[in-house]
Amino acid sequence: MNRGILLGLILATQASADPVFVDRRAGLPLEHVYAGGWEHFVGGGVAVMDCNGDAQPDFLAAGGENPAHLFVNQTKGPGDALEFSLGTLPGITHVTGAYPLDVDGDGHLDLAILRVGPDLFLKGGLDCSFTDASQDWGFAPRDAWTTAFSATWEKGRDWPTLAFGHYVDRADPKGPFEACDTSDLYRPEARRYVDAETIAPGFCTLSMLITDWRRKGEPELRVSNDRHYYVRGGYEQMFRLNPLEERTEDWPQVSLWGMGIASQDLNGDGLPEVMMTSMGDQLLQFNRRDRFENAPFSMGTYAQHPFVGDDGRPSTGWHAEFGDVDNDGRVDLFIAKGNVDQMPSNAIHDPNNLLMQQPDGTFVEKADVAGIATTDRSRGAALADFDGDGRLDLVVVNRRAPLELWQNATPGTGHWAGIEPHLDGNTQAVGAWIELRAGDRVTAREVTVGGGHAGGQSGPVHFGLGAETAAEVRVTWPDGTVSDWTPVPVDRVTEVRPDGLSLRLGL
């Protein structure tokens, strides 16, 4: 056979290979379980970040009534089995979730800790050390049930503006039904936080995301709410930030059992679509700049009931996250699934979803063939490259069942590029837009803090390239400056910083 034809057949076979994940729970130092009563039916997030500067992602997992745990990455190298040691945290319980962000701009990632009770901030230091900085930073939250978080750097401010989303008002004697709490927005003053502004009305928030979804330089706060407790009159919300006010005049009211938000440009127009998890239908909406439009059922993203077994009752979706699992240049979608607490109206054994995007833009379920269609009550999750081989691995937090850790072993994956933008002050470049051009495809990603279900991550933005061996990047920085297109290496992570209209590349 002609060698070129043989090579073409090999590449075609590799490109069509199904995803494969290997169970690596044996590489964890202990069995971690998110536990607790009804106030921990929700939550169970995971925060992924590099807390010691070794370019390997570490993670914190919420524990509910159990302690939260910090897992420090000890994996030896690309492709080696995932290994973690136990890091040191202040003794914290009743943690529902966490999000990494560099609040004070010192280059160390801090942690916003969401709790049933007063939230707190852990200041990051050397070698994954964390100390409670809430009092030093003037952060004095009320006793609430916190289940959502998002943050951004507003113009003219050195520190981030923070949104904390609260669920049911625990102090309301008439609750829990129709007893949704309001949420809180904190703005910094002179590198400290002052009294919160109230985000109202509140409809039992379970996810928040501050995003410049219209790409007009005006980020807004998207809020996903759980109609199980607001019962009637509630809906998904959008708030302008400054001044803080709800958009109602041009925002269609959609009501669902909103639990998680994921955002990603799927069709190459530079605008982020939004995925909202729920009971029953998982709702994907296409961004038309002035409105959102429901995706057709034929997209394959609704994932409304278990795809294995004979239980035809509605699914319950929690954390959603986009990521190119096989690096074919098409973004895929993971959804964590799980019943609330043996709710008989919904599926009891509800497998997680891994929806792989096809060349025609539709999505096909592959969690079962990938080996990750587990049926514990999953909550938070994250796709991250823990071993540095360019393939996105997976961590999943379960309620009343052990945490799962999966290593991506998909054969024949494509090329990839990791882009990590940095600025002074806003060190993560939150609010920046990264565009990557490879061949005839341009993919846009926004750097955000928030979304998901009770957890998120900070680190390189991952792009799959398929067969392309060359790529260029352009960054729209938070101040609106747009860089020139700049070639970047493939199959590695590259730091980028502004240098006039150019990009300065680092290791």
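The shown structure was predicted, so the numbers you read here are calculated from the model rather than taken from an experiment.
Taking the centre and axis of the six-membered ring of F71, the NZ or CZ atom of R24 falls outside the cone set by 45° and 6.0 Å. Judged by a 6.0 Å distance limit and a 45° cone about the ring axis, R437 is positioned over the six-membered ring of W485.
A donor-acceptor pair under 3.5 Å links the side-chain atoms of N339 to the main chain of A347, judged by distance alone. With hydrogens and angles ignored, the 3.5 Å screen pairs a side-chain donor or acceptor of E273 with a backbone N or O of L266. Side-chain N or O atoms of N352 include one that pairs as donor or acceptor with a backbone N or O of K337 at under 3.5 Å. The backbone N or O of W318 lies less than 3.5 Å from no partner atom in the side chain of H453, so there is not a single donor-acceptor pair. Although no hydrogens or angles enter the test, the distance criterion places no donor-acceptor pair under 3.5 Å between the side chain of D393 and the main chain of D385. Distance alone, capped at 3.5 Å, places no donor-acceptor pair between the S378 side chain and the N398 backbone. The main-chain N or O of V461 is never found under 3.5 Å from a side-chain atom of R445 such that the two would form a donor-acceptor pair. Judged by distance alone, the side chain of N426 and the main-chain N or O of W153 form no donor-acceptor pair under 3.5 Å. A donor-acceptor contact shorter than 3.5 Å links the side chain of Q358 to the backbone of M356. Between the R399 side chain and the G44 main chain, no donor and acceptor come within less than 3.5 Å of each other.
Ion pairing between K366 and D332 fails under the 4.0 Å rule for side-chain N and carboxylate O.
Among all heavy-atom pairs drawn from L403 and V397, the shortest one is CD1-CG2, 4.0 Å. In terms of heavy atoms, Q264 sits closest to T443 at NE2-CG2, 4.0 Å. Here the closest heavy-atom approach between residue N327 and residue G390 is recorded as ND2-O, 2.8 Å.
Side-chain contact check for T75 and Q56: no donor-acceptor pair (N or O, by modelled atom type) lies under 3.5 Å. With hydrogens and angles left out, the side-chain atoms of D350 and S315 include a donor and acceptor closer than 3.5 Å. Side chains of E446 and T211: a donor-acceptor N/O pair is present below 3.5 angstrom, by distance only. Side chains of N294 and Q285: a donor on one and an acceptor on the other come within 3.5 Å. Side-chain contact annotation: S224 with E236, donor-acceptor N/O pair under 3.5 Å present. Between the side chains of E404 and W406, at least one donor-acceptor pair of N or O atoms lies under 3.5 Å.
Between F84 and F386, the ring planes lie perpendicular to each other; the angle is over 60°, past the 30° to 60° tilted range. Ring orientation note: the planes of Y99 and F149 are tilted relative to one another, at an angle of 30° to 60°.
Within the 4.5 Å cutoff, the side chain of S263 has no heavy atoms near those of the T448 side chain. With a 4.5 Å cut-off on side-chain heavy atoms, F21 and L354 count as touching. Using a 4.5 Å cut-off on side-chain heavy atoms (C-beta onward), D324 and D326 make contact.
When each of F297, F307, F363 is checked for a ring pair (Phe, Tyr, Trp, His ring centres under 6.0 Å) with Y302, only F297 meets the rule.
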### Task
Kindly indicate, with the supporting measurements, whether the criterion side chain to side chain contact (heavy atoms under 4.5 Å, CB included) is fulfilled by V103 and L101.
CA-CA 6 Å; V103 174; L101 73 165; 3.8 Å; yes
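The distance from the OG1 atom of T476 to the CD atom of E435 is 5.5 Å, given to the nearest 0.5 Å.
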